[in-house]
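Taking it in order: structure first as structure tokens, then the write-up.
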Amino acid sequence: MNNPRILAALGDPLTIAIAASVGLLIVGEILSPGFAQGSQIVRLLTIAAILGIVAAGQNLVILGGREGIDLSVGSMISLGAVLAGNMMDGQNSGILPALLIAGGIPFLIGLVNGIGVTFVRIPPLVMTLGMTAVIQGGLVVYSQGVPSGAAAPLLSAFINQPLILGIPGILFVWVAIALAMVFVLRRTAFGFAVYAIGSNERAATLVGLPVPLIRVLIYGLSGLFAGLAGVCVIGYTGTSFISVGDQYVLPSVIAVVIGGTSLAGGAGGYLGTMAGAVALTILQSVLITLNLEVWARQVIFGVTLLALMLLYGRQKKLRV
Amino acid sequence: MTNALEAVGITKIFGAVRALTEGRLTVGKGEIHALMGANGCGKSTLCKIVAGAVAPTSGTVGMDGHDVRFRNPREAERAGVALFYQELSLIPQLSVADNIFLGRELKSGLFADRKAMNRRAAELIGLFDGVSGQGLTVDAIVGTLPPDQRQIVEILKVFAQDAKIMIMDEATAALDGRQSQRFFEILKAKKAEGVSTIMISHRLDEVFAVCDRITVMRNGATITELDTAATTRKAVVHDMVGEVRAAAPKSAGLSTDRPSLVVKAARNASLRDVSFETYPGEILGLAGLQGQGQSALLKSLFGSEPLTSGDIGFEGKSLAIRKPSDAVMNGFAYVSGDRGRDASFQGRSIFENIVAALAVRNRLRIIRPAALKPQVSKVAADLKTKFAGLDMPIGTLSGGNQQKIFIARWLATAPKLLLLDDPTKGIDLGAKADLFALMRSQADAGATILFYSSEDSEILDYADRVLVFNGGSISAELKGDAMTSVNMTRAAYGDAA
């Protein structure tokens, strides 16, 4: 047990998040036999996938440093869900336009976030919180406060029904997104630049990297991922309402942090974030299984999150 | 008659660094006293000790015949010592009057007496009447003022304290000739009132025109105290330099037919009409006291502090360099002495730290570590960098080895122009030697090198030719037999050789 490699792996956030997931599954199984059976795990992973897609964007924003955080992902998910619902209106032919519009418009709004943060130097917290208010106001006007639109049957099936080997399509999409994220972060100039500006923006400028462009793009991508998650949300629930995305804001940040990405930026990666999303989803599910009142569940969830933040927020040592 | 200030046997040790070994400073009442010496001789530390900003390791400071021991600048202020800060103490959002009286507001009863402060501030501004230019009023917001007026506000802040001893460290750096003239007239008037001034200046002519006595420091010790009237510029320069050193002999054979870099009338906030040429294979040293435009020139050539006017030509082409990527694309490389701030991707691997510039230069979209690692290992090995593996975090290396990595970062791009901005700061002797050997081999391979060092001896030993900077412009070009420590120091103090 004194092998430094093994010790390092034990201290690795990815390992811890996976261990926590397994531990929570066991707790769930003890509390409620059947909790950890195959179909139930697939169900949990489906919910985790939606969180994981939002967290992919959040991951990029946080990696990019300068206090990077995107609090507008909640309203972007709602926007994506409402737009997708109206584009599809229960028709399979509407799926492609829905993806384009529900991904494209949040992407553009994300670019505006990026421009505000980068060029006007508005702190990300304030910029994205302000943008949340703008999007929510816009959504009220757009939807007249009444939910409308519906998911296409094909989309609902893709997310809720088994596709191959009992696994729904969305999980394959999540794996594809994960492969893309890992490739972009580890093997492309863009990914290198994200780490570089998060680690030391001044040094990044001094090697000639287009720092402002990268940062604007990061926020745009966060909007894109949130919009696409919105499409998944309406596929999952069938209908949408204008605050459907709110519940994802804090978990998207926490999943990234649990996964070992430094809130200071410049270190971390997406595999950890995936594990973080899974662990958080199982935790939520365990709390439901306990049959607690809603308020008690929220308090326990909130305290757990803050405790995790305390643990991980202090971790200064950065991963390579 | 007792002296206004008598500091004796002052030493100061910062960790392993002996900043002061034998500081001595005696200033008479109503005397303007120059404190002179090369970079790092300890004059700033000595001033900070007198002003209470730094506590001495040993030694005594006396004022008007009484021993004093200041625990902080506030106590020194109350005892009548006022220190001039180079722009660092002004609050840009506040008015001129508010800045002048910041922390020592005039009061009537419990409340700040705004009327009295405005009246007094107007009187002080009146001292520079006719030379301060438009817009310097009590209500003007300091952040909106040009640099010369901000510096005047800094000066007025010192005057407002009605101190017994004023410490003016490079107080005229941003002033024009008439403003400096007025400043010295005011000092002379204060002198008649019995106020003493300790002046640090980068101009030898100013010192000889204004100061009564001179204290010369070298390597952390006071070398001599002189009456200005009884000495010469040459003698002062010799005291500052100590043992006269000539440049190490350089290989001849430098082709000066076609210049590689041609800079004409370069100007920005820190540069005033800088023009020069360099040749392929040449190591051009930039010397002078700190902050006279050497770093600013390198940063402007690299686009991080672009020129406001002037021309940069390289290999016969005129270049517009507005940002670092413009410079990188033209084959320029910039190595800063401030590694942590300017170069280090902390927490990232050695490989990533090296490959960053190469990725930009070669416009790589996809980065294949397996394909790049042999090349990266080779540049790191050429520099004799010691590391366990390319995947280790950069923070696992010593300062010297980190600096080698940041140089390797640029060597991987095969740069044609190397801009070295005090690159040996804080690295060990072995690493320095490796770095100098590398500089020469790069030059021999045809690169052009601009080399700024805050240590004159490094420039004497390794540069082929020297440009000495003073107040943002070139005060002398030294080469061949003229490249000596004496000439460099004279030129650093604005005296043409």
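Letters go in sequence order (proteins before strands), and every chain restarts at 1.
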Quick one: which of B/P369, B/A333, B/G340, B/G303 has the most heavy-atom pairs under 4.5 Å with chain A, could you say?
B/P369
Where A/A203 and B/S344 come nearest, the two heavy atoms and their spacing:
CB-N, 4.2 Å
Looking at B/R348 and A/Y195, would you say the former's side chain and the latter's main chain have a donor-acceptor pair under 3.5 Å?
no
Min side-chain heavy-atom separation B/V328-A/V207 under 4.5 Å:
no
In terms of heavy-atom proximity below 4.5 Å to chain A, should B/I366 be classed as side chain, backbone, both, or neither?
both
Go through the atoms of B/A343 and report whether side chain, backbone, both or neither lie under 4.5 Å from a heavy atom of chain A.
backbone
Checking A/A204 against chain B: side chain, backbone, both or neither under 4.5 Å from a heavy atom?
both
Side chain proximity check, A/F192 to B/L364, heavy atoms < 4.5 angstrom
no
Tell me, out of B/K323, B/R365, B/R409, who's got the most heavy-atom pairs with chain A below 4.5 Å.
B/R365
Side chain to side chain, A/R202 and B/S304, heavy atoms closer than 4.5 Å:
no
A side-chain contact here means heavy atoms from C-beta on lying under 4.5 Å apart; do A/L206 and B/F302 qualify?
yes
Neighbour count >12 (heavy atoms, 6.0 Å) for atom NZ, B/K384
no
How long is the straight-line distance from OG of A/S199 back to CD1 of B/I394, given to the nearest 0.5 Å?
10.0 Å
Measure distances from B/F351 to the heavy atoms of chain A and classify the residue's part below 4.5 Å as side chain, backbone, both or neither.
side chain
Once rounded to the nearest 0.5 Å, what's the spacing between atom CZ of B/R341 and atom CG of A/N200?
10.0 Å
